[in-house]
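Here's the structure, in structure tokens; my notes come after.
Only heavy atoms go into these numbers, but all of them, side chains included; no hydrogens, no water, no symmetry mates. Residue numbers start from 1 in every chain, and the chains themselves are labelled A, B, ... in the order their sequence lines are given, proteins ahead of strands. None of the values given here were measured: they were computed from a predicted structure.
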Amino acid sequence: MPGIAKATDGQRIAGVRRRAKYLLIDLELGSLLLHLGMSGSLRVLPADAPRRLHDHVDLQLDSGQLLRFNDPRRFGSLHWLTGDVMAHPLLATLGPEPLEDQFDGAYLHSHCRGRRVAIKQHIMNSHVVVGVGNIYASEALFRAGIRPGRAAQSLTRAQCDALAQSIRDVLTMAIRSGGTTLRDYVGVDGAPGYFRQKLYVYERADEPCRNCSTAIRHRVQGQRSTYYCTQCQS
DNA sequence: CTTTGCACCTGTTGGC
DNA sequence: TGCCAACAGGTGCAAA
């Protein structure tokens, strides 16, 4: 039995937590740290469920079921941590959770000071704030009326207030809608997320802005697709 | 220290 | 129909 299987064998699951986009499954002697990357999924399946392509890990549960980790692109990860879990290098330097009180305009403004990086890349930096991926970065910037290419240090305090609030709003609304299914994402219940219908800019290149009808602009910024309205965002 | 761009992978799509 | 390039929801790290 290889490393993680041997280290975790027979232990009870004491609890499950989340930090940023990492899932923490706490066992008795340590914690499993799991990230789904771009294409990973976890499914609860019967013990005799046939193996499918890109199934990588099974956690065998007392119930007779399996918790199965499938990840075609293999950008996901699984680590076994012992000791002070939050002190692990992958977790220790993460910024605040966007829906916690510490994340607000004052925090964001102070962390924009002196930063020449584009604001979109800045809010996607997990050392600044966690949980803001490529879809919601574009969406939050649209809602705040800020162009994604603006240098972070150029934002006023009022703009940081608006942006922090937009990040919180867009994430809250997206969670409420079950997430954003672009292609094949489904939630634990197998249902897609419906936030795609509420997107203002993401994957809407050349389509009319929902606010002003100007064609939505697409560009690549930091190797990621970015969408914005030249009229509504400055 | 900040900033930039690459690397890690497979699968799908669209143009020729 | 087939081939090939471009692109996809993330993020850690090396290099400049």
Tell me what A/Arg116 touches on the nucleic acid: a base, only sugar-phosphate, or nothing, going by heavy atoms under 4.0 Å.
->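 Here A/Arg116 touches the backbone only, sparing every base.
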Looking across every strand, which nucleic acid part, if any, lies under 4.0 Å from A/Phe195 by heavy atom: base, sugar-phosphate, or nothing?
->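 Answer is nothing: A/Phe195 stays at 4.0 Å or more from every strand.
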Single hit among A/Asp206, A/Thr226, A/Val201, A/Thr230 for side-chain contact (heavy atoms from CB on, under 4.5 Å) with A/Arg217 |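 Only one option passes, and that is A/Thr230.
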To the side chain of A/Arg115, which of B/dT3, B/dT10, C/dG12 is closest?
->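 Ranking B/dT3, B/dT10, C/dG12 by closest atom to the A/Arg115 side chain puts B/dT3 first.
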From the list C/dG12, B/dG5, C/dA8, which nucleotide is the closest neighbour of the side chain of A/Leu90?
->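 Output: C/dG12.
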Is the aromatic ring of A/Phe75 within stacking range of B/dC8, meaning centres under 5.5 angstrom and planes under 30 degrees?
->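 Yes, aromatic ring over the base.
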Kindly compute the distance separating CD (A/Gln102) from CD (A/Glu97), expressed to the nearest 0.5 Å.
->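 So the gap between those two atoms works out to 9.0 Å.
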Roughly how far, to the nearest 0.5 Å, is OH of A/Tyr228 from CD of A/Gln233?
->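 Rounded to the nearest 0.5 Å, the CD-OH separation comes out at 8.5 Å.
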Can you tell me how far [atom2] of [N] sits from [atom1] of [X], to the nearest Å?
X        : N      : atom1 : atom2 : value
A/Asp71  : B/dG11 : CG    : P     : 11 Å
A/Tyr136 : C/dG10 : OH    : P     : 9 Å
A/Arg224 : B/dA7  : CZ    : C1'   : 13 Å
A/His127 : B/dT4  : NE2   : P     : 16 Å
A/Ile123 : B/dT3  : CD1   : P     : 15 Å

P gap between B/dC1 and C/dT11, integer Å =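 That atom pair is separated by 23 Å.
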Separation of the P atoms in C/dC3 and B/dC9, to the nearest angstrom |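 Roughly 25 Å separates the two P atoms.
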Taking OP1 and OP2 of C/dG12, is either one under 4.0 Å from a side-chain nitrogen or oxygen of A/Tyr22?
->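 It does, given that an N or O in the side chain of A/Tyr22 lies less than 4.0 Å from OP1 or OP2 of C/dG12.
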side-chain N/O A/His122 vs B/dT2 OP1/OP2, d < 4.0 Å =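 Checking A/His122 against B/dT2: no side-chain N or O falls below 4.0 Å of OP1 or OP2.
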Minimum heavy-atom distance between A/Pro72 and A/Ser39, given as atom pair plus value =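 Looking at all heavy atoms of both residues, the closest pair is CD-O, 3.3 Å.
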